[in-house]
Amino acid sequence: MVIVMKKGVSESGMDNLIGWLEKQGLRVNVNRGEFQTVLGLIGDTQGLSMDLISGMAIVERVQRISEPYKKANRKFHGEDTVVELGGYRIGGGHFQFIAGPCSVESPEQICGIAQRVQGAGANFLRGGAFKPRTSPYAFQGLRGEGIELLLRAKELTGMPIVSEVMNTEHLPLFEPVDIIQVGARNMQNFELLKELGRLEKPILLKRGLANTLEELLMSAEYIMSGGNERIILCERGIRTFETATRNTLDISAVPMLKRMTHLPVVIDPSHAAGIAQLVYPLSMAAAAAGADGLMIEVHNDPAHALCDGPQSITPEEFAQLAGDVLRVLEITGRGKTK
């Protein structure tokens with residue numbers, strides 16, 4: 001249930017209502033927007049009279065919410081959430097490029113790529129230190145050493161870093177990581193999500209291979225219920241009957257999630273397609289559809305990459321892509337990258 005307050009309500013009136021609601025055994029989430037304040041009620045509201053509350057002088061209207069996700073629900077939080085880090089913003093009309101290699105391989109590789117993508121317009125550096133691979137014989141990442149190399153690239157460029165965590169045991173290693181990524185395979189690792197809810201840093205949550213949008217938002221709800229509401233959702237393609245691409249990019253997820261939630265939404269065209277030549281057109285489509293950012297795999301030598309070379313583009317190709325995406329954003333009026 002949500003309670004929309006009238007404009008100009010006094011703090012004492014608000015506190016009295018919140019106190020009464022809490023005595024009914026409910027948790028109250030207060031969202032103060034520019035034009036209105038909304039109280040989101042979490043808990044069993046079946047015994048609560050809508051007529052009683054809507055009749056209060058300080059209440060504009062009351063609405064029950066049937067969706068199981070509450071904190072992530074746009075009905076709870078009408079204004080877009082903006083995740084800010086290092087002076088850069090994602091969401092609410094702010095667009096960001098997150099770029100870098102699938103896997104950190106060497107100091108020269110990660111530092112060189114970081115400088116190139118930053119020069120082309122990326123403000124966030126991605127790089128895998130721990131790599132979940134289908135085959136146990138494939139390259140699994142440099143692990144702790146990979147994080148150290150990411151930090152070296154951050155020191156060189158000043159770019160905030162994004163890297164994927166695999167389980168709760170690795171969390172101490174991720175203390176210096178700016179944005180922790182939850183991969184598709186871990187989207188419903190609920191114990192991991194609970195631990196991430198206790199942190200105060202942004203979480204980039206990827207949609208699972210065969211999960212619905214509601215299931216994605218329920219995973220976000222796990223993190224938010226723990227107190228961490230700095231969530232960035234990522235559509236990275238889902239598994240369908242189509243075999244021409246690695247996955248099928250659900251471009252409709254962008255406008256649908258914008259209706260369902262206030263959280264920012266970014267697109268990962270690299271994992272969606274699995275083919276470097278498709279990254280450009282899918283990026284254009286994502287920008288036109290209203291995405292808040294792109295997460296793109298960039299490698300200085302894709303043919304010899306230790307992980308996902310076929311889907312990685314070169315720094316030169318990224319520069320071309322970034323410039324064209326910015327033109328799309330300018331046309332649609334969403335060109336803010338700060």
- [ ] Indicate yes or no for a side-chain donor-acceptor contact from S312 to the backbone of P302 under 3.5 Å, with no hydrogens or angles considered.
- [x] no

TODO: For E221, enumerate each residue passing the side-chain hydrogen bond (donor to acceptor under 3.5 Å, both in side chains) test, keeping only those at least two apart in sequence or located in another chain.
DONE: none

Task: Transitive ILVMFWY cluster of I331, excluding itself - 4.5 Å side-chain cut-off - done: none

Task: Non-neighbouring partners of D324 that pass side chain to side chain contact (heavy atoms under 4.5 Å, CB included), sequence neighbours left out - done: Y280, M284, Q320, R327

TODO: State which residues pass salt bridge (charged side-chain N to carboxylate O under 4.0 Å, His left out) with E84; sequence neighbours excluded, sorted by chain then number.
DONE: R89

TODO: Test salt bridge (Lys or Arg N to Asp or Glu O under 4.0 Å) on R116 and E316 and set out the steps.
DONE: CA-CA 8 Å; R116 298 286 295 279; E316 294 82 7; 2.6 Å; yes

- [ ] Output all residues satisfying side-chain hydrogen bond (donor to acceptor under 3.5 Å, both in side chains) with Q188, sequence neighbours left out; order by chain, then residue number.
- [x] N211

- [ ] Run through the side-chain heavy atoms of Ile, Leu, Val, Met, Phe, Trp and Tyr, join any pair under 4.5 Å, and report what else lands in M50's cluster.
- [x] M1, I3, M5, V9, M14, L17, I18, W20, L21, L26, V28, V30, L39, L41, L48, L52, I53, M56, I58, V59, V62

TODO: Establish, from distance only, whether the side-chain atoms of H77 and E229 form a donor-acceptor pair under 3.5 Å.
DONE: no

Task: Pairs satisfying salt bridge (charged side-chain N to carboxylate O under 4.0 Å, His left out), at least one member in residues 189-203, at least two apart - done: E191-K194, E195-R198

- [ ] Can you run down the salt bridge (charged side-chain N to carboxylate O under 4.0 Å, His left out) pairs that involve residues 8-31, sequence neighbours left out, and say none if there aren't any?
- [x] E11-R32

Task: Atom CZ of R64 with >12 non-hydrogen neighbours under 6.0 angstrom - done: yes

TODO: For S106, check side chain to side chain contact (heavy atoms under 4.5 Å, CB included) against everything at least two apart and list the hits.
DONE: E108, Q109

Task: Verdict with reasoning, V162 to L150, per side-chain contact (heavy atoms from CB on, under 4.5 Å) - done: CA-CA 9 Å; V162 183; L150 280 169; over 6 Å; no

Task: Residues K75 and E67 bridged, charged N to O under 4.0 Å - done: yes

TODO: If a pair satisfies side-chain hydrogen bond (donor to acceptor under 3.5 Å, both in side chains) and one of its residues is in residues 256-265, list it, with sequence neighbours excluded.
DONE: T81-H262, K258-D292

Open item on the list: Going by the rule side chain to side chain contact (heavy atoms under 4.5 Å, CB included), which residues pair with S283 if we only count those two or more places apart in sequence or in a different chain?
Closed with: P269, V279, L294, I296, L321, V325

- [ ] Evaluate the side-chain contact (heavy atoms from CB on, under 4.5 Å) criterion for residues F130 and I147: first the C-alpha distance (whole Å), next the side-chain angles of each, then the deciding distance (0.1 Å), finally the verdict.
- [x] CA-CA 9 Å; F130 294 82; I147 292 178; 4.1 Å; yes

Task: Single-linkage hydrophobic cluster L209~M256, side-chain heavy atoms < 4.5 angstrom - done: no

Open item on the list: A side-chain contact here means heavy atoms from C-beta on lying under 4.5 Å apart; do M187 and E215 qualify?
Closed with: yes

Task: Pair R126 + E164: basic N to acidic O under 4.0 Å - done: no

Open item on the list: If hydrophobic residues (ILVMFWY) are linked whenever their side-chain heavy atoms come closer than 4.5 Å, directly or via other members, who joins F76 in its cluster?
Closed with: V2, V4, V38, I42, I65

